[in-house]
There are 2 protein chains.
Amino acid sequence: MTSPHDRLPIGELAGRSGLAASALRYYEELGLIHSERTSGGQRRFTRATLRRVAFIRAAQVVGLSLEETSAALAKLPQDRAPNAAQWNSVARTWTRRIDQQIAELEELRRKLTGCIGCGCLSLRKCGLYNPGDAAAGSGAGARYLLGERPDTVGVDAPGVTPGRA
Amino acid sequence: MTSPHDRLPIGELAGRSGLAASALRYYEELGLIHSERTSGGQRRFTRATLRRVAFIRAAQVVGLSLEETSAALAKLPQDRAPNAAQWNSVARTWTRRIDQQIAELEELRRKLTGCIGCGCLSLRKCGLYNPGDAAAGSGAGARYLLGERPDTVGVDAPGVTPGRA
DNA sequence: GCTTGACTTCAAGTGCGCTTGAAGTTGCAA
DNA sequence: TTGCAACTTCAAGCGCACTTGAAGTCAAGC
């Protein structure tokens with residue numbers, strides 16, 4: 001577990017994770033991953049970093065920003081596999097998020113299908129209208145649907161990066 | 001249908017659509033929407049533009065870029081409601097895309113749940129690994145999952161903007 | 001020891017989808 | 001007629017997640 005083979009240079013980590021070295025450096029700069037250095041100043045990552053990187057990739061799919069991912073990663077141990085409780089805590093947040101996204105997509109599909117049925121898209125009737133003010137378009141991709149979250153309409157969705165009018 | 005009230009100034013369209021005027025100007029610049037001008041050079045949009053704008057919003061939720069949205073919009077009439085056939089053709093593409101996204105999210109959830117069960121995330125065993133090379137991270141948000149689309153692995157996903165190593 | 005490829009830092013650039021600001025013009029209501 | 005909000009264009013800026021390039025250093029195999 002602490003053999004010399006556990007100390008991956010960045011190219012190795014890049015190769016194994018499928019990410020560019022530049023991206024990994026960037027992640028390290030942001031504090032998402034960590035490395036030790038050789039006497040010459042080159043990075044050496046532990047194998048556990050592979051886990052963190054996989055986590056980051058998955059987080060991006062769920063729609064987390066690197067900042068949010070960073071917060072999530074902070075709950076996991078840096079150099080060993082998380083235990084069940086730790087993992088549970090994170091994964092539960094995720095599955096909730098995933099469920100929410102799925103629900104939103106299904107809602108949109110429902111609206112679209114409704115449109116097919118009614119031949120509408122002629123204002124008003126159609127579920128695609130009523131954008132609900134400043135809801136959607138939170139930058140980092142498919143986040144909130146237009147017209148969704150009627151309970152938080154008129155307010156920036158909670159927990160989402162503020163910016164962007 | 002062609003009353004003077006059908007000619008919306010940009011602020012009106014912005015208010016009704018929930019988008020910023022600047023965004024609408026940007027869309028017009030890209031050719032997604034169109035306007036006529038008053039003698040003084042101010043934009044006047046038809047009500048039908050509301051439909052196009054709603055369409056654009058929905059398209060963003062599905063993860064389409066404005067360029068892709070533009071292509072989709074080209075299939076719909078500019079100043080009237082689409083007929084069933086036109087709408088069908090577009091909506092079908094969308095529902096397929098939505099279904100695909102849902103499937104991907106469910107797959108990720110499955111993997112996460114598996115992780116909870118097995119207490120893993122300890123390399124190898126876990127479905128979260130094997131990133132499948134250059135798959136995910138196509139820029140505009142939750143597009144393709146890591147490890148997904150095993151049939152197109154190693155190739156840029158078809159129909160998706162090339163860039164980004 | 002030397003070569004060569006992998007590494008280092010730092011600054012600047014990229015692409016998307018806008019927003020912001022400056023400086024000027026229009027249109028409508030009083 | 002005037003006043004003022006709403007509009008106009010154009011250029012530049014922003015935030016995210018990186019990538020690219022320049023210029024230099026390290027490490028490992030021959």
Side-chain angles (χ1 to χ4, degrees), chain A residues 4-5 7-33 35-45 53 56-57 59-61 63-70 134 136-143 156 160-165, chain B residues 4-5 7-33 35-45 53 56-57 59-61 63-70 134 136-143 156 160-165:
Chain A
H5 271 331
R7 335 221 67 244
L8 312 171
I10 197 167
E12 185 77 10
L13 183 59
R16 283 173 191 268
S17 68
L19 281 173
S22 59
L24 296 170
R25 281 191 207 102
Y26 180 61
Y27 292 165
E28 190 186 23
E29 195 185 331
L30 297 188
L32 294 171
I33 58 178
S35 65
E36 289 175 351
R37 300 295 182 118
T38 63
S39 55
Q42 298 198 356
R43 288 173 183 82
R44 289 299 179 267
F45 296 94
V53 169
I56 294 166
R57 301 298 274 159
Q60 287 180 317
V61 171
L64 298 184
S65 68
L66 289 180
E67 201 180 325
E68 293 171 297
T69 305
S70 181
S138 334
R143 276 300 231 301
D156 274 6
V160 169
T161 42
R164 308 278 186 143
Chain B
H5 270 329
R7 336 222 66 244
L8 312 173
I10 197 167
E12 185 78 8
L13 182 60
R16 284 173 191 267
S17 68
L19 281 174
S22 59
L24 296 170
R25 281 191 207 100
Y26 180 62
Y27 292 165
E28 191 186 22
E29 196 185 330
L30 297 188
L32 294 172
I33 57 177
S35 66
E36 289 175 352
R37 300 296 182 117
T38 63
S39 56
Q42 298 199 355
R43 289 174 182 82
R44 289 300 180 265
F45 295 94
V53 169
I56 294 166
R57 303 296 274 158
Q60 286 180 319
V61 171
L64 297 184
S65 68
L66 289 180
E67 201 180 326
E68 293 172 297
T69 306
S70 181
S138 333
R143 279 299 235 297
D156 275 6
V160 169
T161 42
R164 307 279 184 141

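A note on names: the letters A, B, ... follow the listed sequences, proteins ahead of strands, and every chain is numbered from 1.
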Original post:
Rounded to the nearest Å, what distance is computed from the CZ atom of residue A:Arg7 to the C1' atom of nucleotide C:dA6?
Top reply: 17 Å
Subject >> B:Glu29: salt bridge (Lys or Arg N to Asp or Glu O under 4.0 Å) partners, not counting sequence neighbours >> reply: none
Subject >> Positions of residues 24-31 of chain A (non-hydrogen atom under 4.0 Å from DNA chain C), listed by number >> reply: A:Arg25
**OP:** Return the 5'-most residue of the pair B:Ile10, A:Ser22 with respect to DNA chain D, ranking by each residue's nearest nucleotide.
**Re:** B:Ile10
Original post:
Is any side-chain heavy atom of A:Ile56 less than 4.5 Å from a side-chain heavy atom of A:Leu19?
Top reply: no
Subject >> Between C1' of C:dC18 and CD1 of B:Ile33, the distance in whole Å >> reply: 13 Å
Original post:
Looking at A:Arg43, does any N or O in its side chain come under 4.0 Å of the phosphate oxygens OP1/OP2 on C:dC7?
Top reply: no
Subject >> CG-CG distance between A:Leu8 and A:Leu13, expressed to the nearest 0.5 angstrom >> reply: 6.0 Å
Subject >> Flag for A:Glu67-A:Ser70: side-chain donor and acceptor within less than 3.5 Å >> reply: no
Original post:
How long is the line joining CD of B:Glu68 and P of C:dG15, in whole Å?
Top reply: 16 Å
**OP:** Grab the CZ-C1' distance between B:Arg37 and D:dC7 for me, whole Å please.
**Re:** 10 Å
Original post:
Who are the side-chain contact (heavy atoms from CB on, under 4.5 Å) partners of B:Thr38, not counting sequence neighbours?
Top reply: B:Gln42, B:Arg44
Original post:
Once you build an axis from the first five pairs and another from the last five of the helix from C:dG1-D:dC30 to C:dA30-D:dT1, how far apart in angle are they, to 10 degrees?
Top reply: 0°
**OP:** Identify the two heavy atoms, one from A:Ala21 and one from A:Ala14, that lie closest to each other, and give their separation to 0.1 Å.
**Re:** N-CB, 3.9 Å
**OP:** Round to the nearest Å and state the distance from B:Leu66 atom CG to C:dC18 atom C1'.
**Re:** 9 Å
Original post:
Is any side-chain N or O of B:Gln60 closer than 4.0 Å to OP1 or OP2 of C:dC18?
Top reply: yes
Subject >> Atom of B:Leu24, atom of B:Val53 and distance for their closest heavy-atom approach >> reply: CD2-CG2, 3.9 Å
Subject >> Protein-nucleotide distance (A:Ile56, atom CD1; D:dC16, atom P), rounded to Å >> reply: 16 Å
Subject >> Residues in side chain to side chain donor-acceptor pair (under 3.5 Å) contact with B:Ser35, at least two apart in sequence or another chain >> reply: B:Glu28
Original post:
Base, backbone or nothing for each nucleotide of nucleotides 21-30 of chain C, written B, S, -, heavy atoms under 4.0 angstrom, 5' to 3'?
Top reply: -----BS---
Original post:
If you round to the nearest 0.5 Å, how far is CG of B:Leu66 from CG of B:Leu32?
Top reply: 5.5 Å
Subject >> Rounded interatomic separation in angstrom, taking CD from B:Glu67 and P from C:dG17 >> reply: 9 Å
Subject >> Spacing of B:Glu12 atom CD relative to D:dC7 atom P, expressed in whole Å >> reply: 9 Å
